[in-house]
Amino acid sequence: MKGIIDILQEEVKAAFEQAGYDGKYAKVTLSNRPDLCQYQCNGALAMAKEYHKAPIQMAEQVVTVLQESKTFQEITAQAPGFINMTVSDAFLADYMNAMRKAERYGVEQSEHEETIVIDYGGANVAKPLHVGHLRSAIIGESIKRTAKYLGHKVIGDAHLGDWGLQIGLIITELKHRQPDLVYFDENFDGEYPAEAPFTMADLEEIYPYANKYSKENEEYKEEAQEATAQMQAGRKGYRALWQHIVDVSVADLREIYTKLGVDFDLWKKESDAQPYIPDMVQGMKDGGYAHIDEGALVVDVKEETDTKEIPPCMILKSNGATLYNTTDLATIVERRKLFDPTRIVYVVDKRQALYFEQVFRCAKKTKIIGEDVDLVFLGFGTMNGKDGKPFKTRDGGVLRLEHLLQDVTEKVSEKMADRDMDEKTRAEVAAKVGLAAIKYGDLSNQASKDYVFDMERFTSFEGNTGPYIMYTIVRIKSLLAKVADMGIAVAEETVILPAQNKSVTDVMLSLSKWGETVQAAYAELAPHKICQFIYELSDAFNKFYHDNKIATNPEETVRDSYIKLSMLVGNVLEVAVELLGLEAPDRM
Ligand code: ARG
């Protein structure tokens, strides 16, 4: 089904041509003066150069052609050459009825199916999650769902960090505390125990301790670095410990991500890319792309057009060790081999922008991936606390996601204290609404911007917040339940009638943006566009709900039309929040 702007544009284009002008000027957009009209076309202004006529005169000619059209309630030419359009109620109602029947409520699937890998986890095993990981998960999940909805083949990858110094730190600390563990016995050649010698709670204590200590004690730090290198080189006991760390952490991470409504298709880790490194490095050398610089192997990635300095991409350190980017490059090789993607999207903190620029350039230059593959960096800003510094939880330490979820859920639960619900239901509802507060609070901001996590505002049931949106959906659900209770059955063929008043028109106008919103949200990797749509529609619906009798409308055809319209709003809102990774409760 065509988007409403496309439909209008086609009609306006035909009119331009009929008036003797090139149809390419007939671009229709949403009006930036909604008080004057709904849509506008500024094409006549741009035509003056080509046709040497006054824009207003040409705009008037186009408007004359469209005067009889049933699409418009009003179409006028305004000085100096704007065309202002307001569509007719009949046209809008027709569009609503078509949406109701169309698949995905009118969102067209993409013509070209892409294979997209989305890299949006980046959590590190054995290390606490921080706000960056939270944002990556929330934003990436929404983009993944949106791309899938548009019919693309999408692989969401957790890409866990499991190959860094944190492993060496834990091994070292463990060795200090329990030197007798078999993992440290170099002569041991039996089977290592299946059970890990630590729990997640132990790791949560060991890592911060070892990390802090290594910063105060140089010798300890070197020991940890050496242990990391030995683990990477394949020392058996250390690999066994690494495996335990991974298993214990991944089980914990799975739980957290599930609570967050984040669902990876793939749980790959940095370690999975390691086997691809030797061939990749050899290829870079053989191709003449890499050279030795002060003992290190590097690939130059600067380009003539650069306005700022882009340093070379280091592939191997002088001691032969690999780096964070060696792993990222090898992961590109791995993804190409496994999925042959047309696009890879990295949802990572924007402070890694330069780093990814280097990696992308290096990957293209050394031909480990084709020029035609779109490597995209979606950098996000920081989630700050009210003090303007990166958000911390109540104990002042790094963010513990469970605590954040718990705090928000408690807050929401408090606000629902007067509801007549049993405790279990209240807890379930509060969990859903709390998650909406966090995710919607994040997604409603443009991803690249920093934002302040404001507990009061995010959990408010009013304004542009997750709870308000959930509340609107719940309101529609209860309206429809009431309709059913009253024994009103609206036949399938009942149509939505042309609007009776402005509040109805506004609901329809908001709904009509659905298709174009989803397209734009994916094309621009901008979930906040879906949030804008949701908020506008919710607001329009709530005004409509307030101003009109729906279930009790004395006029039966109007009543049924309103019910159908409410159903459509409810259905579209539910799909829209699903694209954000949210689910509304049945009541709240
Ligand atoms: N593990 C990294 C971190 O915690 C993030 C990884 C981002 N993704 C990537 N492909 N480099 O900062």
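Atoms within a ligand are numbered from 1 in the order they appear, just like the ligands themselves. In this text, all values refer to a predicted model and were calculated from it rather than measured experimentally. Because only heavy atoms are used, hydrogens play no part in the values below, and waters and symmetry mates are left out as well, while side chains stay in.
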- prompt: Does R177 count as lying over the ring of Y209, i.e. NZ or CZ under 6.0 Å from the six-ring centre, within 45 degrees of the axis?
  reply: yes

query: According to the interplanar angle, ranging from 0 to 90°, do the rings of Y355 and Y324 count as parallel (below 30°), tilted (30 to 60°) or perpendicular (above 60°)?
result: parallel

- prompt: If you count the atoms of ligand 1 from 1 in the order shown, which ones are under 4.0 Å from a heavy atom of Y346?
  reply: 10 (N)

field: Contacting atoms of ligand 1, where contact means under 4.0 angstrom from a heavy atom of Y324
entry: 2 (C), 5 (C), 6 (C), 7 (C), 9 (C), 11 (N)

- request: Would you indicate which of N325, L160, D119 comes nearest to atom 8 (N) of ligand 1 when only heavy atoms are counted?
  value: D119

field: Part of F356 with heavy atoms under 4.0 Å of ligand 1, whether side chain, backbone, both or neither
entry: side chain

- request: Mark up the atoms of ligand 1 that fall under 4.0 Å of a heavy atom belonging to N124, in ascending order.
  value: 1 (N), 3 (C), 4 (O)

message: Taking the six-membered ring for Trp, are H152 and Y522 closer than 6.0 Å centroid to centroid?
response: yes

- request: Provide, to 0.1 Å, the distance between atom 2 (C) of ligand 1 and the closest protein heavy atom, together with that atom's residue and name.
  value: G122 O, 3.5 Å

statement: Quick note on ligand 1: atoms under 4.0 Å from a heavy atom of Q352 include exactly 12 (O)

Within-shell test, G161 vs ligand 1, heavy atom, strictly < 4.0 Å: no

message: Can you confirm whether or not the ring centre of F188 sits under 6.0 Å from the ring centre of Y183?
response: no

- prompt: Quick one: does ligand 1 sit under 4.0 Å from the side chain of T331, the backbone, both or neither, non-hydrogen atoms only?
  reply: neither

statement: Scanning both residues in full, the closest heavy-atom pair of Y105 with V575 reads CE1-CG2, 3.8 Å

message: For Y346 and F360, take the angle between the two ring planes, folded into 0 to 90°, and tell me which bin it lands in: parallel under 30, tilted 30 to 60, perpendicular over 60.
response: tilted

field: Closest contact, heavy atoms only, D265 versus V154
entry: OD2-O, 3.7 Å

- request: Provide the closest heavy-atom pair for R336 versus I368 in the form atom of the first, atom of the second, distance.
  value: NH1-O, 2.6 Å

Contacting atoms of ligand 1, where contact means under 4.0 angstrom from a heavy atom of D328: 9 (C), 10 (N), 11 (N)

- prompt: Under 4.0 Å from any heavy atom of V348, which atoms of ligand 1 are there?
  reply: 7 (C), 8 (N)

